[in-house]
Amino acid sequence: QVQLVESGGGLVQAGGSLRLSCAASGRTFSSYSMGWFRQAPGKEREFVAAISWSGGSTYYLDSVKGRFTISRDNAKNTLYLQMSSLKPEDTAVYYCAATDRWPGYGPPPIQKREYHSWGQGTQVTVSS
């Protein structure tokens with residue numbers, strides 16, 4: 001298991017940018033593929049993006065392709081989500097999560113149950 005702590009959320013106007021970070025504790029971070037999920041009020045938690053353990057493969061929700069970029073720095077035990085051209089519908093609590101179910105080829109896991117460790121979440125609010 002790995003402990004995860006998100007940061008970087010906040011209030012931003014539509015069209016703006018934010019970078020979320022997810023700091024991981026433990027020496028096993030580099031062995032896990034990672035994902036970002038989000039949950040808006042009254043909605044189910046949804047997959048946003050995933051990155052393989054090496055950083056060599058990434059995958060995105062269609063609605064964020066071209067606007068969001070997932071990356072990781074295994075030397076710093078940190079996962080990132082750069083968000084640009086933000087829209088009000090991106091408003092949600094964003095969570096990072098770890099999985100050992102994606103070797104980096106084939107489709108990544110996009111269901112919550114396939115991720116075993118979660119952060120506490122960081123709020124992103126996009127005003128119109």
For the pair [X] (side chain) and [Y] (backbone), establish whether a donor and an acceptor sit closer than 3.5 Å, ignoring hydrogens and angles.
{"X": "Glu114", "Y": "Thr99", "value": "no"}
{"X": "Ser52", "Y": "Gly104", "value": "no"}
{"X": "Ser117", "Y": "Gln3", "value": "no"}
{"X": "Glu6", "Y": "Gln120", "value": "yes"}
{"X": "Asn74", "Y": "Trp53", "value": "yes"}

Are [Y] and [X] connected into the same hydrophobic cluster when the rule is that any two of I, L, V, M, F, W, Y join if their side-chain heavy atoms are below 4.5 Å apart?
{"X": "Leu81", "Y": "Trp102", "value": "no"}
{"X": "Tyr115", "Y": "Tyr94", "value": "no"}
{"X": "Leu79", "Y": "Val93", "value": "no"}
{"X": "Tyr80", "Y": "Leu20", "value": "no"}

Non-hydrogen side-chain atoms of [X] and [Y] separated by less than 4.5 Å:
{"X": "Pro107", "Y": "Tyr59", "result": "no"}
{"X": "Leu4", "Y": "Tyr95", "result": "no"}
{"X": "Arg67", "Y": "Tyr60", "result": "no"}

As an exercise, state the distance from [atom1] of [X] to [atom2] of [Y], rounded to the nearest 0.5 Å.
{"X": "Leu61", "Y": "Trp36", "atom1": "CG", "atom2": "CH2", "result": "15.0 Å"}
{"X": "Thr58", "Y": "Arg72", "atom1": "OG1", "atom2": "CZ", "result": "12.0 Å"}
{"X": "Ser63", "Y": "Phe68", "atom1": "OG", "atom2": "CZ", "result": "7.5 Å"}
{"X": "Ile70", "Y": "Ser57", "atom1": "CD1", "atom2": "OG", "result": "11.5 Å"}
{"X": "Ser71", "Y": "Met34", "atom1": "OG", "atom2": "CE", "result": "11.5 Å"}
{"X": "Arg101", "Y": "Ser33", "atom1": "CZ", "atom2": "OG", "result": "12.5 Å"}

Task: Any residue meeting side-chain contact (heavy atoms from CB on, under 4.5 Å) with Leu11, in chain and number order, not counting sequence neighbours - done: Thr125, Ser127

Open item on the list: Is it true that Gln82 and Thr69 share a donor-acceptor pair across their side chains at a distance under 3.5 Å?
Closed with: no

For [X] against [Y], the heavy-atom pair lying closest together:
{"X": "Ser17", "Y": "Ser85", "result": "OG-N, 4.4 Å"}
{"X": "Thr28", "Y": "Ser31", "result": "O-OG, 2.6 Å"}
{"X": "Phe47", "Y": "Ile110", "result": "CB-O, 3.5 Å"}

Open item on the list: Holding to salt bridge (Lys or Arg N to Asp or Glu O under 4.0 Å), I want the full list of residues that pass it with Arg38, two or more places apart in sequence or in another chain.
Closed with: Glu46, Asp90

Open item on the list: Quick check: Trp118 with Phe37 (ring centres under 6.0 Å apart)?
Closed with: yes

